[in-house]
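What you see below is based on every heavy atom in this structure, not just the backbone, and it leaves out hydrogens, waters and symmetry mates.
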Amino acid sequence: MDAGDFECPREDLADNKFFQGETQKLIQPASLEDPKLEKLKEALVDWINCTLKPEHIVVQRLEEDLYDGLVLHHLLSVLAGVRVSVEEIALTSAAQIKKLEAILEELNQKLGLQESLIKWNVKLIHNKDMLATIHLLVAMVRCFQPELHLPPNVKVEVVNVEVSRSGITSDVQTEVLTEERDAASDSLSGDEREDPIDQLLKQEAHKVDAVKQAILQFVNRSLSSMGLQVVDMDKQFADGVILLLLIGQLEGFFIPLHDFTLTPVNSNEMLHNVSLALNLLGDTGLQVSKVDPQGIVSQDAIATLKVLYALFRKHK
């Protein structure tokens, strides 16, 4: 196929520098206007902003706000607990590329994908390539927050443009950004999908005990710097105090003492503490389904386990 056989505005070609032997991908204009793509971009922007709300970072446009590495650096820190030794604000192009190299190297290791599945690189991200940026963010969601349901079955038509001595050649392909979910699963709303803890409790007793023990060890390891230890997860989280301290420790922020009751003496004070804890989890982007604050106050083992498991999944 010749370069003139695909629908691509002249300005798109003008904005891209083509070098001999190089292949570039351009999204077809019709795909750029696809409502499914717009919904996916909106979902990713919302996810980033929710995740980085405690960092006071706001993203408006994916390709424009991620190219310098700042947002990716903070996402890596919040989601994977990894802080790469790079300058916080990289102003020059050379500094931004150097920063992206360090961040993407660490990020790719955390994602653990085969090289053939990595559809982004430093050059593409720094050049504000929307296709590469979306591929990277979708992979991060799948790895670090798999419970988040992105718009399914999002595809775009792309033109592979290759420059050779004989001129420019191209071919049109369909690129999958998100897979089509299982039909039975897709027909269920978020509330109707079975919670991982509900699935766990259907397993053999020794498997359930192993998970509970792993969560308990995680909790005590996280609280050790404050001199706290949990022995009974159901009872010790019922007043919300240790839960709030645990969230603050894991998420890296201080909860003012006037916002909660440090020594609650009645159920109303306990309920206030637990409700605050669940609201804070929501603010950090960690949604816990089917958990009523009253359930934790009433020492409901399943409700408490769901919250702790969500924290465990994110910060283990």
Review point. Under the side-chain hydrogen bond (donor to acceptor under 3.5 Å, both in side chains) test, which residues partner E55, sequence neighbours left out?
Key: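 If we apply the side-chain hydrogen bond (donor to acceptor under 3.5 Å, both in side chains) test to E55, skipping adjacent residues, the hits are H74.
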Of all residues at least two apart in sequence or in a different chain, which pass the side-chain hydrogen bond (donor to acceptor under 3.5 Å, both in side chains) check with H135?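 Result, side-chain hydrogen bond (donor to acceptor under 3.5 Å, both in side chains) vs H135: E175.
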In chain order, what residues pass the side-chain contact (heavy atoms from CB on, under 4.5 Å) check against [X], with sequence neighbours excluded?
X    : answer
A80  : L76, V82, K110, F144
S31  : I27, Q28, V156, E157
N266 : N268, E269
K155 : N153, T174, V176

Name the atoms and distances for all side-chain donor-acceptor pairs under 3.5 Å in residues 294-302, with sequence neighbours left out.
unit_1	atom_1	unit_2	atom_2	d
Q294	NE2	S298	OG	3.1
S298	OG	Q294	O	2.9
D300	OD1	I302	N	2.9
D300	OD1	A303	N	3.1

For residues 223-230, run the donor-acceptor check on the side chains, cut-off 3.5 Å, and write out each pair with its distance to 0.1 Å, sequence neighbours left out.
unit_1	atom_1	unit_2	atom_2	d
S224	OG	R221	O	2.9
S225	OG	Q249	NE2	2.8

Fill in: Within-4.5 Å side-chain heavy-atom neighbours: L70 and K99
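With C-beta onward as the side chain, the pair touches.
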- Query: Does any pair with a residue in residues 57-76 pass salt bridge (Lys or Arg N to Asp or Glu O under 4.0 Å), and if so which ones, sequence neighbours excluded?
  - Reply: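 Only R61-E63, E64-K128 qualify under salt bridge (Lys or Arg N to Asp or Glu O under 4.0 Å).
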Scan residues 39-50 for pairs that pass salt bridge (Lys or Arg N to Asp or Glu O under 4.0 Å), counting only residues two or more places apart or in two chains.
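Those involving residues 39-50 are E38-K41.
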With R83 via salt bridge (charged side-chain N to carboxylate O under 4.0 Å, His left out) - residues at least two apart: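 Applying salt bridge (charged side-chain N to carboxylate O under 4.0 Å, His left out) to R83 gives E88.
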| query | K53: what forms a salt bridge (charged side-chain N to carboxylate O under 4.0 Å, His left out) with it, not counting sequence neighbours? | reply |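 In terms of salt bridge (charged side-chain N to carboxylate O under 4.0 Å, His left out), with neighbours along the sequence ignored, K53 is linked to D283.
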